[in-house]
Amino acid sequence: MKNKIIILGLTLSLASCGSWNRIGDLTTIGNRNIDDSKKYTLLIREVEAVAKADADAMEQAVDNLTKKYEGEFLRNVKVYVKSNGKKLK
């Protein structure tokens, strides 16, 4: 019985460490200036990037996505952060 309680406690503590918390929604995000006079076309929908960084995970995630899909910026972004604050999605 004692072992079952210990295993249950460990399982619950490990499960709580891996949760993602939604921190916000952004209309547009990018690392370069955007020219509003140009007409932009949609390249792809529903993309996801996970970035791990000690300095700036948000900038790294945006850079990774814009380079991967050869885009200028991201629209309608949902930002999640790991409960320990070291990962961003």
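These numbers come from the heavy atoms of this one structure, side chains and all, not from hydrogens, waters or symmetry mates. Since the structure is predicted, the reported quantities are computational estimates derived from the model, not experimental observations.
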- Give the minimum heavy-atom separation between Val77 and Leu74, together with the two atoms involved. CG2-CB, 3.6 Å
- Query: Could you give the distance from NZ (Lys68) to CG (Asp63), rounded to the nearest 0.5 Å?
  - Reply: 14.5 Å
- Item | Considering all heavy atoms, the nearest Tyr69-Leu43 contact | O-CD1, 3.2 Å
- Message: Within the supplied structure, the quantity of interest is the number of heavy atoms (other residues, nucleotides, ligands) at a distance under 6.0 Å from Arg45 CZ; does it exceed 12?
- Response: no
